[in-house]
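Notes follow the structure.
Order of appearance sets the numbers: ligands from 1, and atoms from 1 within every ligand.
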Amino acid sequence: MIRKPIHTYLAIAALVLISLGVIFLIIRDSGVETDDTMELIDNGVDDQNPIVDGIHVSTGLVEGEGLEEVVTNCTTCHSSKLIIQNRMGKEQWNATIRWMQETQGLWDLGEDQDIIVDYLTTNYPVFKKGRRAVLGDIEWYTLEGK
Ligand code: HEC
C-alpha cells in the first residue's frame, strides 16, 4: 500500500470540515420555517389586542363571557379560524378538546373547560338548518349611482 504523506490527510479533513460548514450555513439560511399555523402566538385581551365593535381584533372572536379563556387557551397553537369554522354542541366540543389533549399536547383546562365550551356553544352555535333560512323583514335600499 502506498502511504500518502500526512498533509494529504490533513487537506482531506480540512475539506470535509469546510463542506460541513457550508452545508450548515445553507440549511440555516434557507428559510426552513416551522408551519406558521402552529407558531405560538402571543394573544390576549388587553391594550395591544383590543375589542372593537364587539370583536376581539387580533383573533376575530366575538366578545362574550369566556372570551379571555378562549383567547388564552385556544389561540396559541392554531388560528382562531379553526375554532370559528367549527360549529359543535357541548359533547362534541368536549370530545375535540379531549382529542387535542390526547394527541396534540393541549393542557388540562381545569375549570376553564366549561367556561370555554359555554362560550363556544353560545357564540358559535350549531347551524340548525341545512341551508340558510329565507330572509325576512328586508329593508331594501337603493344603491346610489356614482
Ligand atoms: C397545544 C396546541 C393546541 C391548543 C392549545 C389547542 N389546540 Fe386545537 N388543535 C391543535 C392541533 C394540532 C389541531 C389539528 C390542526 C390541523 O388539523 O391542522 C387542532 C384542531 C382543532 C380543531 C379542528 C378539529 C377538527 O376536527 O378538525 C378545533 C375546532 C380546535 N382545535 C379547537 C381548539 C379549542 C377550542 C382550543 C382551546 C380549548 C384549542 N383548539 C386549543 C392543537 C391545539
Side-chain angles (χ1 to χ4, degrees), residues 7-146:
H7 63 251
T8 310
Y9 295 105
L10 283 175
I12 291 170
L15 222 84
V16 168
L17 281 175
I18 291 168
S19 310
L20 285 174
V22 168
I23 290 167
F24 169 78
L25 286 176
I26 290 172
I27 290 173
R28 199 194 57 176
D29 296 336
S30 64
V32 178
E33 272 163 32
T34 48
D35 182 359
D36 58 2
T37 57
M38 297 304 293
E39 212 167 86
L40 287 177
I41 311 157
D42 179 25
N43 275 324
V45 184
D46 51 35
D47 292 348
Q48 270 87 54
N49 301 287
I51 292 168
V52 178
D53 295 335
I55 300 288
H56 181 241
V57 178
S58 61
T59 59
L61 291 166
V62 302
E63 185 177 17
E65 177 91 39
L67 170 66
E68 181 106 44
E69 284 78 0
V70 173
V71 169
T72 312
N73 291 290
C74 307
T75 61
T76 43
C77 294
H78 49 66
S79 158
S80 56
K81 284 198 202 106
L82 205 57
I83 300 168
I84 296 169
Q85 283 162 358
N86 280 275
R87 301 301 185 109
M88 298 189 248
K90 270 188 206 301
E91 272 167 43
Q92 279 173 292
W93 271 119
N94 284 320
T96 303
I97 289 172
R98 208 176 316 119
W99 169 79
M100 278 181 288
Q101 287 169 332
E102 282 163 7
T103 63
Q104 312 297 337
L106 174 61
W107 44 87
D108 180 17
L109 296 165
E111 290 175 354
D112 285 347
Q113 180 151 342
D114 283 345
I115 299 171
I116 290 167
V117 170
D118 279 346
Y119 170 90
L120 294 168
T121 50
T122 306
N123 296 291
Y124 298 99
V126 180
F127 299 115
K128 287 276 188 294
K129 299 189 170 67
R131 52 160 295 188
R132 161 177 84 66
V134 175
L135 294 173
D137 279 344
I138 306 164
E139 276 188 51
W140 295 103
Y141 57 90
T142 320
L143 284 174
E144 302 293 339
K146 278 187 194 154

Problem set entry | Worked verdict on Trp93 versus Ile116 for side chain to side chain contact (heavy atoms under 4.5 Å, CB included) | CA-CA 9 Å; Trp93 271 119; Ile116 290 167; over 6 Å; no
Exercise. Quick one: does ligand 1 sit under 4.0 Å from the side chain of Gln104, the backbone, both or neither, non-hydrogen atoms only?
Worked result: both
Exercise. Just wondering, more than 12 heavy atoms not from Gln101 lying within 6.0 Å of its CD?
Worked result: yes
Exercise. So which bit of Val70 gets within less than 4.0 Å of ligand 1, heavy atoms only: side chain, backbone, both or neither?
Worked result: neither
For this session: Answer whether the closest heavy-atom distance between the side chains of His56 and Thr59 falls below 4.5 Å.
Result: yes
For this session: Check ligand 1 against Trp93 and write out every atom of the ligand that is under 4.0 Å from a heavy-atom position of the residue.
Result: 29 (C), 32 (C), 35 (C)
Problem set entry | Heavy atoms of other groups near Lys81 NZ, more than 12 under 6.0 Å | no
For this session: Verify side chain to side chain contact (heavy atoms under 4.5 Å, CB included) between Val62 and Tyr119, making sure each step is shown before the conclusion.
Result: CA-CA 10 Å; Val62 302; Tyr119 170 90; 3.7 Å; yes
For this session: Using a cut-off of strictly less than 2.8 Å, determine whether Cys74 has an N/O/S atom near atom 8 (Fe) of ligand 1.
Result: no
Problem set entry | Trp107 neighbourhood, listing ligand 1 atoms whose heavy-atom distance to it stays under 4.0 Å | 5 (C)
Problem set entry | Side chain, backbone, both or neither: the part of Leu82 lying under 4.0 Å from ligand 1 by heavy atom | both
Exercise. Short list, please: which atoms of ligand 1 are under 4.0 Å from a heavy atom of Cys77?
Worked result: 1 (C), 2 (C), 3 (C), 4 (C), 5 (C), 42 (C), 43 (C)
Exercise. Atom 8 (Fe) of ligand 1 is nearest to which N, O or S atom of His78?
Worked result: NE2
Exercise. Are Ile51 and Leu67 side-chain neighbours, meaning at least one heavy-atom pair lies under 4.5 Å?
Worked result: yes
Exercise. Can you list the atoms of ligand 1 that are under 4.0 Å from a heavy atom of Thr76?
Worked result: 5 (C)
Exercise. If we only count heavy atoms from C-beta on, is the Asn123 to Glu63 side-chain gap below 4.5 Å?
Worked result: no
Exercise. Counting only heavy atoms, which portion of Gln113 has something under 4.0 Å from ligand 1: side chain, backbone, both, or neither?
Worked result: neither
Exercise. What atoms in ligand 1 come closer than 4.0 Å to a heavy atom of Gly105?
Worked result: 1 (C)
Problem set entry | The one among Val71, Thr75, Asn73 that brings a heavy atom closest to atom 5 (C) of ligand 1 | Asn73
Exercise. Between the side chains of Asn73 and Trp107, does any donor sit under 3.5 Å from an acceptor?
Worked result: yes
For this session: Check each of Asn94, Val70, Leu109 against Val117 using the side chain to side chain contact (heavy atoms under 4.5 Å, CB included) test, and report the only one that passes.
Result: Asn94
For this session: For Leu109, take its heavy atoms, then give the atoms of ligand 1 lying under 4.0 Å from any of them.
Result: 38 (C)
